[in-house]
Q: 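One structure follows; several queries about it will come next.
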Protein chains: 2
Amino acid sequence: MTTPARPRRLAHPAREEIRLEPVLHALSDAVRLRIVREMAAAETGLSCSHFVLPVTKSTSTHHFRVLREAGVIRQDYRGTAKLNALRRADLDALFPGLLDTVLTAAEAQAARHGDPARDPAAGLTATASG
Amino acid sequence: MTTPARPRRLAHPAREEIRLEPVLHALSDAVRLRIVREMAAAETGLSCSHFVLPVTKSTSTHHFRVLREAGVIRQDYRGTAKLNALRRADLDALFPGLLDTVLTAAEAQAARHGDPARDPAAGLTATASG
DNA sequence: ATGCTCGTACGATACCCATCGTAGTACGGC
DNA sequence: GCCGTACTACGATGGGTATCGTACGAGCAT
């Protein structure tokens, strides 16, 4: 009983508590934008380990937490894994069109500059290799 | 001739050099978002001193520089003053709809939470008082 | 229970950034 | 030339943050 049985439930801001500035800040990081882009493409809950990011696991946890605390994603435990999903309904209700324009802008920029993360299906996901 | 006659011209990123992440980062600060909102409402060049911000002049200079270096605004000297204007055409060309959705989201949030900067025409501008 | 995998927590570090005060430069008016 | 206004540059500072390594907790399979 070193830990008093944590609720194993993560804290999320309610819809009304989501603020624009933290959302924009969360999206202003390249790694997090990459995560969000792939999550939008998947449209289903993805485990953290699904993403192959150029950072360690510790840093990944940090980025996911920033996204969650800003209200961009929702994280739920599913057994040993953790499912991540975009909070599309909440974001669209609060800031109509914002998520879509940012995603479109990100893909347009990736196409222009030939980012490695241009195609979310290649090189970014683990593609069930493990 | 302590200084070798500076060009008195400020460095701006070219349209193709504008990146999404710095733009989002520039917009993720409350003070800068406030500046951008008023600039969008004015649609004409505004001097720095036009804005009444809750920070000192030094900090204002910093914020304007962040906006300029991100490619969000254009700054040109006009005599002793400096005119600031949104780079609407460039932003719309690169990231269609992004600026508008962010501005709309900012105003929606201001209306919801009753921000003091809700009405850009009241309390935010100097209204030619000086 | 043992071990494996997934993810977290904590500490450390280095960097960025928002803020300020002070001093200084550029331009325009007297 | 001199002064005032507008803005900048520089230095300092405190807080945030992106990063890592290591150690640990939770769940699943055997």
Side-chain angles (χ1 to χ4, degrees), chain A residues 1-12 19 21-35 45-70 73-84 125-126 128-130, chain B residues 1-12 21-35 45-70 73-84 126 128-130:
Chain A
M1 62 138 59
T2 52
T3 46
R6 298 248 190 83
R8 195 81 173 145
R9 174 76 51 102
L10 296 159
H12 294 77
R19 302 272 306 177
E21 295 89 335
V23 168
L24 292 177
H25 177 238
L27 297 174
S28 72
D29 182 274
V31 174
R32 292 194 290 263
L33 194 54
R34 191 165 150 171
I35 292 172
L46 296 176
S47 70
C48 291
S49 59
H50 182 86
F51 301 86
V52 176
L53 301 170
V55 293
T56 64
K57 271 195 300 181
S58 309
T59 309
S60 292
T61 297
H62 162 68
H63 285 309
F64 278 106
R65 171 160 40 185
V66 171
L67 287 170
R68 171 170 51 85
E69 293 181 345
I73 69 173
R74 184 171 296 278
Q75 296 190 294
D76 293 295
Y77 283 104
R78 176 175 179 110
T80 172
K82 198 167 64 174
L83 285 195
N84 304 278
T125 69
S129 64
Chain B
M1 57 146 57
T2 51
T3 46
R6 298 249 189 82
R8 194 79 173 147
R9 175 77 52 103
L10 296 159
H12 294 77
E21 295 90 336
V23 169
L24 292 177
H25 177 239
L27 297 175
S28 71
D29 182 274
V31 174
R32 292 193 290 263
L33 194 53
R34 191 165 152 170
I35 292 172
L46 295 176
S47 69
C48 291
S49 58
H50 182 86
F51 300 86
V52 176
L53 300 171
V55 293
T56 64
K57 270 196 298 182
S58 308
T59 308
S60 291
T61 298
H62 163 68
H63 284 309
F64 279 105
R65 171 160 42 184
V66 171
L67 288 169
R68 170 171 50 85
E69 292 181 345
I73 69 173
R74 185 170 295 280
Q75 296 188 294
D76 294 295
Y77 283 104
R78 175 174 180 112
T80 171
K82 197 167 64 173
L83 286 195
N84 303 278
S129 64

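To find a chain, count down the sequence lines: A is the first, B the second, and so on, and within it residues start at 1. Everything quoted here is computed from the prediction, not taken from an experiment.
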Q: Does a nitrogen or oxygen in the side chain of B:T56 sit under 4.0 Å from OP1 or OP2 of C:dT19?
A: no

Q: Taking only distance into account, with no hydrogens and no angle test, what donor-acceptor pairs under 3.5 Å do side-chain atoms of residues 22-30 of chain B form with protein atoms, sequence neighbours excluded?
A:
{"residue": "B:S28", "atom": "OG", "partner": "B:H25", "partner atom": "O", "Å": "2.7"}
{"residue": "B:D29", "atom": "OD1", "partner": "B:V31", "partner atom": "N", "Å": "2.8"}
{"residue": "B:D29", "atom": "OD1", "partner": "B:R32", "partner atom": "N", "Å": "3.2"}

Q: Whole-Å distance between C:dC16 C1' and A:H62 NE2?
A: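 Computing the A:H62:NE2 to C:dC16:C1' distance gives 13 Å.
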
Q: At under 4.0 Å, does any side-chain N or O of A:T59 touch on OP1 or OP2 of D:dA18?
A: no

Q: Quick one: is D:dA9 close enough that its OP1 or OP2 comes under 4.0 Å of any side-chain N or O from B:R65?
A: yes

Q: Mind listing the N/O atom pairs, protein and nucleotides 12-15 of chain D, below 3.5 Å?
A:
none

Q: Pick base, sugar-phosphate or nothing for A:R78, based on heavy-atom distances below 4.0 Å to the nucleic acid.
A: nothing

Q: Please evaluate the base of C:dG21 for a donor-acceptor partner in the side chain of B:S58 within a cut-off of under 3.5 Å?
A: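 Yes.
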
Q: Determine whether A:L67 and A:H63 make a side-chain contact, defined as any pair of heavy atoms from C-beta on separated by less than 4.5 Å.
A: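 They are not in side-chain contact.
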
Q: Would one find a side-chain N or O of A:H63 under 4.0 angstrom from OP1 or OP2 of D:dT19?
A: yes

Q: Send over the distance from B:K57 NZ to C:dG21 P, rounded to a whole Å.
A: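 About 12 Å, once rounded to whole Å.
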
Q: Whole Å only: how far is the CD atom of A:E21 from the C1' atom of C:dC17?
A: 16 Å

Q: Rounded to the nearest 0.5 Å, what's the gap from CZ on B:F64 to CD1 on B:I35? Could you check?
A: 4.0 Å

Q: What's the CG-C1' distance between A:N84 and C:dG7, to the nearest Å?
A: 11 Å

Q: Rounded off to whole Å, could you give me the NE2-to-P distance for the A:H25 and C:dA18 pair?
A: 9 Å

Q: Hydrogens and angles aside, do A:S58 and A:T61 bring a side-chain donor and acceptor to less than 3.5 Å of each other?
A: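 Note: A:S58 and A:T61 side chains miss the donor-acceptor criterion.
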
Q: Rounded to the nearest Å, what distance is computed from the NE2 atom of residue A:H50 to the C1' atom of nucleotide C:dC6?
A: 15 Å

Q: Quickly work out the B:I35 CD1 to D:dC7 P distance and round it to whole Å.
A: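 Between P of D:dC7 and CD1 of B:I35: 12 Å.
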
Q: Can you find a side chain N or O atom of B:T80 that sits less than 4.0 Å from OP1 or OP2 on D:dT5?
A: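 No.
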
Q: Would you please confirm or rule out a distance under 4.0 Å between OP1 or OP2 of C:dG7 and any side-chain N or O of A:S49?
A: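 So the side chain of A:S49 is within the cut-off, an N or O lying under 4.0 Å from OP1 or OP2 of C:dG7.
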
Q: If I take atom CG in residue A:L67 and atom P in nucleotide C:dG7, what distance separates them, rounded to the nearest angstrom?
A: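 The answer, rounded to whole Å, is 15 Å.
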
Q: Using side-chain heavy atoms (C-beta onward) and a distance below 4.5 Å, is A:H12 in contact with A:Q75?
A: yes

Q: Have a look at A:S47 and say if it touches a base, only the backbone sugar-phosphate, or nothing, with a 4.0 Å heavy-atom cut-off.
A: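 Sugar-phosphate contact only - A:S47 comes under 4.0 Å of backbone atoms but never of a base.
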
Q: Mind checking if B:Y77 touches a base, just sugar-phosphate, or nothing, with heavy atoms under 4.0 Å?
A: sugar-phosphate

